[in-house]
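Read the structure below first, then the notes.
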Number of protein chains: 2
Amino acid sequence: MAGRIAAVSIVDAIAADLRSRVFSGELGSGEALTETDVATSYEVARPTAKASIEKLVAEGLLDRGTHKTARVVELGPESVRDIYLARAYLESEVLRRLARTKDVPQEAVQANRDIAAVKTGAPLDVVEPDMRFHTSLIDAVGNERISRMYRSLVGEVRLCMVRVQSLHLLDTELILAEHQKILELIEGGQGEAAAELLDEHLGRARERLVAAMGGSAGPEAGYPSGLLPE
Amino acid sequence: MAGRIAAVSIVDAIAADLRSRVFSGELGSGEALTETDVATSYEVARPTAKASIEKLVAEGLLDRGTHKTARVVELGPESVRDIYLARAYLESEVLRRLARTKDVPQEAVQANRDIAAVKTGAPLDVVEPDMRFHTSLIDAVGNERISRMYRSLVGEVRLCMVRVQSLHLLDTELILAEHQKILELIEGGQGEAAAELLDEHLGRARERLVAAMGGSAGPEAGYPSGLLPE
DNA sequence: ACATGTGTACTTGTTAGACAATCTAAAGGC
DNA sequence: GCCTTTAGATTGTCTAACAAGTACACATGT
């Protein structure tokens, strides 16, 4: 059941590789990706490269207009706010819903454990389990379209997370503690409180990242009260 | 400013035409769309047709696996529930948000007027302004990603609406009255009430459509109390 | 009769090379 | 220095073709 075979097309394979190169920072913000470049470097035909690029454009990871070269998206402060607010919209509703049935998804619990496990390593290692924590909450409502919508956001969200971690804007302990508390609130049926904590959780990351990018941070950037014993 | 010129690519043009043919019912549920068919009928090369088809697949209007012919999606009762619940997630949050600032978008008001204007004509004419009513509410929050996410749903939503109207499952007067009431609740700052009414509004359409498709309808299918004087 | 294997037709995945339209940036003229 | 022209690079689209996969009918063996 696990690891079902996947007959990936060449297009998908290249798209996946490009994606990971964007996430790893190998392809930096604003970097150009011409169709011929991609085609030659992967030794495929140009239409194939084109299709891969178009996939990433659809995901929001690349940007391009007609007849213009595709470039890695440049996230400004406004985009960051846009992204995090969209996240908050979806995720807070999801938490309320999950709390109603007191349904704590095991995958989220596991993801948080994984964050704890890597907390001594490189800061970028936190990104994957952190992302997984949030996606597993979304997936837990069991709505295909909602998961799909969230997926369309995930690429950009991950880009933001990479930035947050690279710049050490958040303490891993804090992430961990807040995730834990959110799960507890769901278990206790306190949806509204969970949604509020999530708003704080996301708001802090959001405003600190905005500030780090040269925007003016909102009040949400501050530290929380009481979760971490000084 | 209005009607800004659009240098549409051939791919986009074909995609747009196919889309409208799906919505109009000319291309029925489950109908096959071969790449060569599309290519010959529009007199373009197969790769061009392929790209168009892939666009519609990404939109959720067509369905296809690797090496298999693309087909118009077949919406079962489960899909309908999935779609409408996803809608409700986004839209109810949006209403709460709009009510907080008592922000009644003019486009929504206009859309509802347009519904009233066509109410004597063909039932399918209601679909476009009805869809516009809901999208304009979403767009009113001014979040690019949220609008984008909703767009990814719009294709399927519209398919559902076409069904609802074709089968005369809802009275236009009722749609109109509930839309009106929702706008009033927003204006009055009563976000929670607006969200609840929306849930009713969507829930009724949802369960009636489910029932019409052979699923078992939930309790939401019934008529409302008091909005329409008998 | 049933299950199994085979084969052919249809369809998609991918490639190659080519041309026109468009964008980008550098060279030149005022 | 600024604007225009020109050349190069890049994308949009096409034609033609082969490889690989799917589907369905057919034949085979039990």
Side-chain angles (χ1 to χ4, degrees), chain A residues 3-22 26-74 155, chain B residues 3-22 26-74 155:
Chain A
R4 146 172 287 149
I5 57 154
V8 254
S9 71
I10 297 184
V11 172
D12 288 342
I14 294 179
D17 193 62
L18 288 177
R19 198 177 302 133
S20 74
R21 284 170 64 190
V22 171
E26 187 187 330
L27 267 46
S29 244
E31 191 151 339
L33 269 180
T34 61
E35 296 184 354
T36 31
D37 277 357
V38 175
T40 55
S41 73
Y42 287 97
E43 297 182 327
V44 295
R46 189 161 71 89
T48 309
K50 182 192 188 67
S52 307
I53 289 174
E54 266 158 10
K55 269 203 132 188
L56 290 241
V57 170
E59 277 178 41
L61 253 48
L62 299 183
D63 212 359
R64 105 153 133 179
T66 43
H67 286 271
K68 276 189 279 187
T69 304
R71 294 177 177 284
V72 178
V73 285
E74 305 204 47
Chain B
R4 144 171 288 149
I5 55 152
V8 247
S9 71
I10 296 183
V11 172
D12 289 341
I14 294 179
D17 193 61
L18 287 177
R19 198 177 303 132
S20 73
R21 284 170 63 191
V22 171
E26 187 187 330
L27 269 47
S29 245
E31 191 151 339
L33 268 180
T34 319
E35 293 185 356
T36 28
D37 277 357
V38 175
T40 56
S41 74
Y42 287 96
E43 299 183 327
V44 295
R46 190 162 69 90
T48 309
K50 182 193 188 68
S52 307
I53 289 175
E54 266 159 9
K55 269 204 132 186
L56 289 241
V57 170
E59 277 178 41
L61 252 47
L62 299 183
D63 214 0
R64 103 152 136 181
T66 44
H67 286 264
K68 275 189 280 188
T69 303
R71 294 176 176 284
V72 178
V73 285
E74 305 204 46

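Protein chains get the first letters and strands the later ones, always in sequence-line order, with residue 1 at the start of each. Because the structure is predicted, anything quoted here is derived from the model rather than measured.
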Calculate the interatomic distance between [X] atom [atom1] and [N] atom [atom2]; express it in whole Å.
| X | N | atom1 | atom2 | value |
| --- | --- | --- | --- | --- |
| Asp37(A) | dT10(D) | CG | P | 7 Å |
| His67(B) | dG21(D) | NE2 | P | 6 Å |
| Glu54(A) | dT13(D) | CD | P | 9 Å |
| Ile10(B) | dC19(C) | CD1 | C1' | 14 Å |
| Tyr42(B) | dT13(D) | OH | P | 15 Å |
| Asp63(B) | dT12(C) | CG | P | 14 Å |
| Glu35(A) | dG12(D) | CD | C1' | 8 Å |
| Leu33(A) | dT10(D) | CG | P | 12 Å |

Give me the distances for all protein-to-nucleotides 15-18 of chain D N/O pairs that come in under 3.5 Å?
unit_1, atom_1, unit_2, atom_2, d
dA17(D), N6, Arg46(B), NH2, 3.2

Original post:
For dT11(C), does OP1 or OP2 lie under 4.0 Å from any side-chain N or O of Lys68(B)?
Top reply: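 For dT11(C), neither OP1 nor OP2 has a side-chain N or O of Lys68(B) closer than 4.0 Å.
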Subject >> Approximate separation, where rounding is to 0.5 Å, of Glu54(B) CD and Leu62(B) CG >> reply: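 Going from CD on Glu54(B) over to CG on Leu62(B), the span is 10.5 Å.
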Original post:
Atom CZ of Arg71(B) and atom CG of Leu33(B): how far apart are they, to the nearest 0.5 Å?
Top reply: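 It comes to 9.5 Å.
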**OP:** Please tell me which of the listed nucleotides, dG12(D), dG13(C), dT12(C), lies nearest to the side chain of Ser9(A)?
**Re:**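 When the side chain of Ser9(A) is considered, dG13(C) is the closest of dG12(D), dG13(C), dT12(C).
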Original post:
Of the candidate nucleotides dT13(D), dT14(C), dA20(D), which contains the atom at the shortest distance from the side chain of Lys50(B)?
Top reply: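 Nearest listed nucleotide: dT14(C).
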Subject >> Ser29(B) side-chain N/O to Val73(B) backbone N/O, donor-acceptor pair under 3.5 Å >> reply: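 It does hold such a pair.
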Original post:
For the side chain of Thr34(B) and the backbone of Asp37(B), is there at least one donor-acceptor N/O pair under 3.5 Å apart?
Top reply: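 Answer holds: no.
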Original post:
Considering heavy-atom distances to DNA chain C, does Arg71(A) or Ala49(A) have its closest nucleotide positioned more toward the 5' end?
Top reply: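 Between the two, 5'-proximity favours Ala49(A).
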**OP:** Kindly determine whether Arg21(B) and Glu31(B) satisfy salt bridge (charged side-chain N to carboxylate O under 4.0 Å, His left out), including the steps that lead there.
**Re:** CA-CA 12 Å; Arg21(B) 284 170 63 191; Glu31(B) 191 151 339; over 6 Å; no
**OP:** Would you please test Arg46(B) and Thr36(B) for side-chain contact (heavy atoms from CB on, under 4.5 Å) and show each step?
**Re:** CA-CA 6 Å; Arg46(B) 190 162 69 90; Thr36(B) 28; 3.8 Å; yes
**OP:** Please name all residues satisfying side-chain contact (heavy atoms from CB on, under 4.5 Å) with Ala16(A), sequence neighbours left out, ordered by chain then number.
**Re:**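 By the side-chain contact (heavy atoms from CB on, under 4.5 Å) rule, Ala16(A) matches Arg19(A).
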